[in-house]
Q: 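Could you have a look at this structure, given as C-alpha cells, before my questions?
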Amino acid sequence: MPPGWMFRSMWMLLYVAVAVAAWLVWRRGSLTGGTLAGYLIQLMLNAAWPLAFFGLFPVFGAAALWAAFLVIGGLGVSVAFLILRFGPVSPAAGLLMLPYLSWVVFSSSLNLYSAIHN
C-alpha cells in the first residue's frame with residue numbers, strides 16, 4: 001500500500017489534469033449532451049468512492065469495500081468513456097485523461113485486494 005501522501009499528491013495532480021481536459025473540450029463547445037453527462041457522472045463517482053471506501057468501512061466492514069469496488073469500477077468506465085469523447089475533440093484532452101484512468105485502475109486493484117482480504 002503506497003503512503004498516504006502519494007495518494008493525496010496524485011489525486012491533486014489528476015484533478016488538475018481532468019479540469020484542464022474538460023476546459024479544453026468546453027472551450028470548443030463540445031462539453032454538452034452525453035459528454036457533459038459523462039463528465040458529471042465521473043465527478044459524482046469520484047466523490048462517492050472515498051466515502052464508500054473510507055467512510056462506510058467502519059460501519060459496514062467488507063461490504064463497504066465491495067460497494068466501493070463497484071463505484072470505482074463505474075468510475076473507470078466513465079473515465080474511459082470520457083477519453084473516447086474528449087480525444088476526437090481535443091487530442092490533448094484525451095491524453096490528459098489517460099493518467100487518470102491508469103490511477104483509477106491502480107486504485108481499483110488496491111480496492112479489490114482490500115475487499116478480498118477483509
Q: Which ILVMFWY residues can you reach from L70 by hopping between side chains whose heavy atoms are under 4.5 Å apart?
A: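 Once heavy-atom contacts under 4.5 Å are chained together, L70 still belongs with nothing else.
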Q: With a 4.5 Å cut-off on side-chain heavy atoms, are F57 and S114 touching?
A: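 Contact flag for S114/F57 side chains = no.
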Q: Donor-acceptor pairs under 3.5 angstrom involving side-chain atoms of residues 72-81: please list them, not counting sequence neighbours.
A:
| residue | atom | partner | partner atom | Å |
| --- | --- | --- | --- | --- |
| S78 | OG | G74 | O | 3.4 |
| S78 | OG | L75 | O | 2.8 |

Q: Nearest 0.5 angstrom please: W66 CH2 to N118 CG, how far?
A: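 Separation between the atoms: 10.5 Å.
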Q: Tell me the closest heavy-atom pair linking N111 and F69, and the distance in Å.
A: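 Answer, listing the atom of N111 first, then F69: OD1-N, 3.3 Å.
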Q: Give every donor-acceptor pair under 3.5 Å between a side-chain atom in residues 35-43 and any protein atom, sequence neighbours left out.
A:
| residue | atom | partner | partner atom | Å |
| --- | --- | --- | --- | --- |
| T35 | OG1 | R85 | NE | 3.2 |
| T35 | OG1 | R85 | NH2 | 3.3 |
| Q42 | OE1 | Y100 | OH | 2.7 |
| Q42 | NE2 | Y39 | O | 3.1 |

Q: Same cluster for M44 and V71 if Ile/Leu/Val/Met/Phe/Trp/Tyr side chains link at under 4.5 Å?
A: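 Yes, it is one cluster - the side chains of M44 and V71 are joined through contacts under 4.5 Å.
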Q: Would you list the atom pairs, donor with acceptor, under 3.5 Å between side chains in residues 9-24 and any protein atom, with sequence neighbours excluded?
A:
| residue | atom | partner | partner atom | Å |
| --- | --- | --- | --- | --- |
| S9 | OG | W5 | O | 2.8 |
| Y15 | OH | N46 | OD1 | 3.1 |

Q: How far apart are the closest heavy atoms of P88 and L84, and which atoms are they?
A: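 So the two residues come closest at CD-O, 3.0 Å.
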Q: Applying ring-ring contact (aromatic ring centres under 6.0 Å, His included), name anything that partners F54, two or more places apart in sequence or on another chain.
A: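 Result, ring-ring contact (aromatic ring centres under 6.0 Å, His included) vs F54: W49.
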Q: Which donor-acceptor pairs under 3.5 Å do the side chains of residues 89-97 make with protein atoms, sequence neighbours left out?
A:
| residue | atom | partner | partner atom | Å |
| --- | --- | --- | --- | --- |
| S90 | OG | A93 | N | 3.2 |

Q: Are the side chains of L101 and F106 in contact, using a 4.5 Å heavy-atom criterion?
A: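 Not touching, per the 4.5 Å side-chain cut-off.
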